Amino acid sequence: MELTQRDIYRAIRKRKGIKLKEIAEHIGCAISTLSDYERGKLLSREKVCKYREYIENYKTEG
């Protein structure tokens with residue numbers, strides 16, 4: 001099975017310990033919307049970009 005970009009970002013989000021609630025508040029959408037996105041539903045290009053940017057720029061302690 002081949003991983004998609006969505007799968008990769010989900011894995012990075014989980015590894016960094018980022019909660020969907022944090023991202024949802026940052027980009028202005030419901031947690032369920034992001035959960036649906038991670039499970040394969042569509043999300044606007046703008047929100048996908050913001051989702052990815054948040055994960056990429058998230059700084060973990062240490």
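Quantities reported herein were computed from a predicted structural model and do not represent experimental measurements. Just so you know, residue 1 is the first one in the sequence shown, and it goes up from there. When reading the values below, keep in mind they use all heavy atoms of this one structure, side chains included, and skip hydrogens, waters and symmetry mates.
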> Determine, stepwise, if the pair Leu34 / Leu43 fulfils side chain to side chain contact (heavy atoms under 4.5 Å, CB included).
CA-CA 8 Å; Leu34 292 180; Leu43 187 63; 4.0 Å; yes

> Is it true that a side-chain atom of Arg6 and a backbone atom of Lys41 form a donor plus acceptor pair closer than 3.5 Å?
yes

> With sequence neighbours left out, write down each residue that passes side chain to side chain donor-acceptor pair (under 3.5 Å) with Lys47, or none if nothing qualifies.
none

> Does atom NZ (Lys16) have a neighbourhood of more than 12 heavy atoms from anything else shown, all under 6.0 Å?
yes

> Restricting to side chain to side chain donor-acceptor pair (under 3.5 Å), what partner residues turn up for Tyr37, sequence neighbours left out?
none

> State which residues pass side chain to side chain donor-acceptor pair (under 3.5 Å) with Arg13; sequence neighbours excluded, sorted by chain then number.
Glu38

> For Glu56, enumerate each residue passing the side chain to side chain donor-acceptor pair (under 3.5 Å) test, keeping only those at least two apart in sequence or located in another chain.
Tyr9

> Between side-chain atoms of residues 18-33 and protein atoms elsewhere (two or more places apart, or another chain), which donor-acceptor pairs fall under 3.5 Å?
| residue | atom | partner | partner atom | Å |
| --- | --- | --- | --- | --- |
| Glu22 | OE1 | Tyr54 | OH | 3.2 |
| Glu22 | OE2 | Lys19 | N | 3.1 |

> Just jot down the side chain to side chain contact (heavy atoms under 4.5 Å, CB included) partners of Leu3, sequence neighbours excluded, or say none.
Asp7, Ile8

